[in-house]
There are 2 protein chains.
Amino acid sequence: MSGVPVTIKDIARMLGISVSTVSRALKDHPDISAETKEKVSETARKLNYRPNALALGLKSSKSKTIGVIIPEIVHFFFSSVISGIEDAAYEAGYNVIVCQTNEMYERETMVARTLLDHRVEGILISVAKTSMKFDHLAMLQDNGIPLVFYDRLCTVIDTDAVIIDDFKGAYMATEHLISVGCHNIVHFAAPENILIGKLRREGYCKALEDNNIPVDPYNIYLCDTMEKVAEKISRILSRKPLPDGIFAVNDSTAIGAIQEIKKAGLRVPEDIAVVGFGNGPHAVISCPTLTTIDQNGYEMGYEATRFLLDRIVKANILVSARKKVFTPSLIIRQSTGRNTQNTRF
Amino acid sequence: MSGVPVTIKDIARMLGISVSTVSRALKDHPDISAETKEKVSETARKLNYRPNALALGLKSSKSKTIGVIIPEIVHFFFSSVISGIEDAAYEAGYNVIVCQTNEMYERETMVARTLLDHRVEGILISVAKTSMKFDHLAMLQDNGIPLVFYDRLCTVIDTDAVIIDDFKGAYMATEHLISVGCHNIVHFAAPENILIGKLRREGYCKALEDNNIPVDPYNIYLCDTMEKVAEKISRILSRKPLPDGIFAVNDSTAIGAIQEIKKAGLRVPEDIAVVGFGNGPHAVISCPTLTTIDQNGYEMGYEATRFLLDRIVKANILVSARKKVFTPSLIIRQSTGRNTQNTRF
DNA sequence: TTGTAAGCGTTATCAG
DNA sequence: CTGATAACGCTTACAA
């Protein structure tokens, strides 16, 4: 029962006609008689014929496939981006190959090569935190493969990008903390090479300045994973005076901080208010629930794919790099709630 | 600067030699002189030559690609499965095409066809909740594409599967509830067609029976999403007597239940103890933290891929369908903790 | 209306 | 040691 895929040749042989006739019949070419078409499509259906995408791709130099380079699928934000990408791609008849880098530069160069090998027609990428060189991306462009950044871009490659306004999001988050009475606000920052790290820090600083709060460099910690939180939190919580607010570069570190603060016998938000970035599902599970910045993963994936498809059909001849910048929104929850006596929830 | 990928032909032309010589030189064929090899590999490197995977696949009928059919990437369990799959695949030099079904039968048949079109050498699949017919999977087998199930299998297709012992996990979860004093235990069940629904329900029932607690069919609710929890919880919480335990088929519904229980002014675990299934990251964020069954997503993905690769190299001639059954483990946390006065965390 | 043949990029077979 | 040539599955001029 386990055979080998049926080809156009099999159909031709079976019907005693030529492969070109079969090929044309299958794509409803006007030259072919209705009768032949009928016979062909019937046997095709009966044999469960499916066109060989490899052959098609080779012939047309169009693989009808786009590649996605993504740091880590396990994060809600990134997996929702993928959903947006898939939907947009399928709508346009494209397939998607997803490759994870696990935040490793090494792996990123590897998957870039793999995607080139597979002659994907375009690539969506969010760069790994450890990537400082970008020759591998230039190489893709040299090969005529259009590139679009989503969420994390690098400035040395000039192409389309779909991002949110990280600066503004950070500004809003920080200003919100100030508005609920915080003066001594710690920032958990991400590395600067991925730009979001830089922009979110800048947004944080600007909000402080605009409110006449001096920026204290000691209030900025490179702290973008749970592990780093665990590593640094005790130092932070033993500071005098105690910080009264934390703006974290992502939800996980914000929630990690909340848990540690509670463990230390302090209260959120009464002692320390906390804001995250991302608005993943954790935000509503955490206790207190997390005030955070919504990041529109699905929409970003969808729009980035639209950009890419546009470049693909236009053969990448667009000169100007377009940017689509989503406006972040602040989702206020208990972790900054003024009157929130229900930390116990 | 934006060109078209370099082919073996370009190298040949550039060097004034034949394509076959180039081909052989590139794969270090013994017949080729060291000098020629040197020249070829140098220009290849200089031009950034990368073999066309489509041509290779067409020629060899080996796409070096495996397909993954997955219900929804956004769930932690499934995205960790993907990580395991990717690692195992890359180790073996295979690429991965991931397709989501969003739990829709329609989409499942679609992506099955797409993967066949792309001549993937094998497919890993966890069936959608709504799939009741499986002709599309039989069709893949008819085309000689080996199949391996992970987590959710269907019984009408006989092939390898990597699962956890759902029955046992459910049994352990239920027995644990009994051991902390629950007698009136509600079960949130998944639909039965995906087998895990059936097995987890059976494990639940068996644990009750073994402990001389009669199974009350009214204690079993078809409730496997947050939405369904919201829909049914008030009916459950207004029952007299109040259930004193809930065993939910997954973590999300368990946590949804916890939140609703707290909202209703009841305490977890004092009034109602709760156990989930999955041990995703939510489990430690929830308040109280969630007692649950660990599901080994990464390992399942890895092992399933090993099975699949094995079938691929053995040309799928293995007769017997192998099963790898992971033993679940119970992770006890606050949601069933006896002495947990800290529900407020 | 249908068939023949070339070609997409690569490898393998066969000659030289 | 190297070069033609055919073949993988399919499309598409060009012939018939």
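So that the names make sense, note that chain A is the first sequence line, chain B the second, and so on, each numbered from 1.
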- [ ] For B:Ser60 and for B:His29, locate the closest nucleotide of DNA chain D by heavy-atom distance; then report the residue assigned to the nucleotide nearer the 5' terminus.
- [x]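 With B:Ser60 and B:His29 compared, the 5'-side residue is B:His29.
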Open item on the list: Just to verify, what does B:Arg24 make a side chain to side chain donor-acceptor pair (under 3.5 Å) with, not counting sequence neighbours?
Closed with: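 Applying side chain to side chain donor-acceptor pair (under 3.5 Å) to B:Arg24 gives none.
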Task: Under the side chain to side chain donor-acceptor pair (under 3.5 Å) test, residues paired with B:Lys39 that sit two or more places apart - done: none
Task: Pairing residues for A:Lys59 by the side chain to side chain contact (heavy atoms under 4.5 Å, CB included) criterion, not counting sequence neighbours - done: none
Task: Set of side chain to side chain contact (heavy atoms under 4.5 Å, CB included) partners for B:Thr114, sequence neighbours left out - done: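 B:Thr114 satisfies side chain to side chain contact (heavy atoms under 4.5 Å, CB included) with A:Asn95, B:His118 once adjacent residues are dropped.
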Check this for me: does any side-chain nitrogen of one of [X] and [Y] sit under 4.0 Å from a carboxylate oxygen of the other?
X	Y	result
B:Glu91	B:Arg306	no
A:Glu72	A:Lys129	no
B:Arg50	A:Asp142	no

Task: Close approaches to DNA chain C from residues 31-40 of chain A, in residue order (heavy atom, under 4.0 Å) - done: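 Only A:Asp31, A:Ile32, A:Ser33, A:Thr36 qualify.
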Task: Sequence neighbours excluded, every pair satisfying ring-ring contact (aromatic ring centres under 6.0 Å, His included) that has a member inside residues 56-103 of chain A - done: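 Every pair satisfying ring-ring contact (aromatic ring centres under 6.0 Å, His included) with a residue in residues 56-103 of chain A: there are none.
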- [ ] Sequence neighbours left out, what pairs pass ring-ring contact (aromatic ring centres under 6.0 Å, His included) with at least one residue falling in residues 22-66 of chain B?
- [x]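 Sorted result for residues 22-66 of chain B: empty, none.
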TODO: Provide, to the nearest angstrom, the distance between the CG atom belonging to B:Leu26 and the P atom belonging to D:dT2.
DONE: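 Distance check: B:Leu26 CG to D:dT2 P gives 13 Å.
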Task: Between P of D:dC10 and CG of B:Leu58, the distance in whole Å - done: 9 Å
Task: Donor-acceptor under 3.5 Å (B:Ser63 side chain, B:Gly57 main chain) - done: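 No, the answer is negative, given that no donor and acceptor are paired below the 3.5 Å cut-off.
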- [ ] Report yes or no: does B:Thr159 contribute a side-chain atom to a donor-acceptor pair with the main-chain N or O of B:Leu147 at less than 3.5 Å?
- [x] yes
Task: Five-pair end axes of the helix from C:dT1-D:dA16 to C:dG16-D:dC1, angle between them (10°) - done: 60°
Task: For B:Tyr105, ring pair (Phe, Tyr, Trp, His ring centres under 6.0 Å) partners two or more places apart - done: B:His136
Task: Residues touching DNA chain D, which here means a heavy atom under 4.0 Å, drawn from residues 7-18 of chain A - done: A:Thr7, A:Ile8, A:Lys9
Open item on the list: Can you list everything that forms a salt bridge (Lys or Arg N to Asp or Glu O under 4.0 Å) with B:Lys64? Sequence neighbours excluded, please.
Closed with: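 Applying salt bridge (Lys or Arg N to Asp or Glu O under 4.0 Å) to B:Lys64 gives none.
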Mind listing the N/O atom pairs, protein and nucleotides 12-14 of chain C, below 3.5 Å?
unit_1, atom_1, unit_2, atom_2, d
C:dT13, O4, B:Arg24, NH1, 3.2

- [ ] Would you mind classifying the nucleic acid contact of B:Leu56 as base, sugar-phosphate or nothing, using non-hydrogen atoms under 4.0 angstrom?
- [x]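 Sugar-phosphate contact only - B:Leu56 comes under 4.0 Å of backbone atoms but never of a base.
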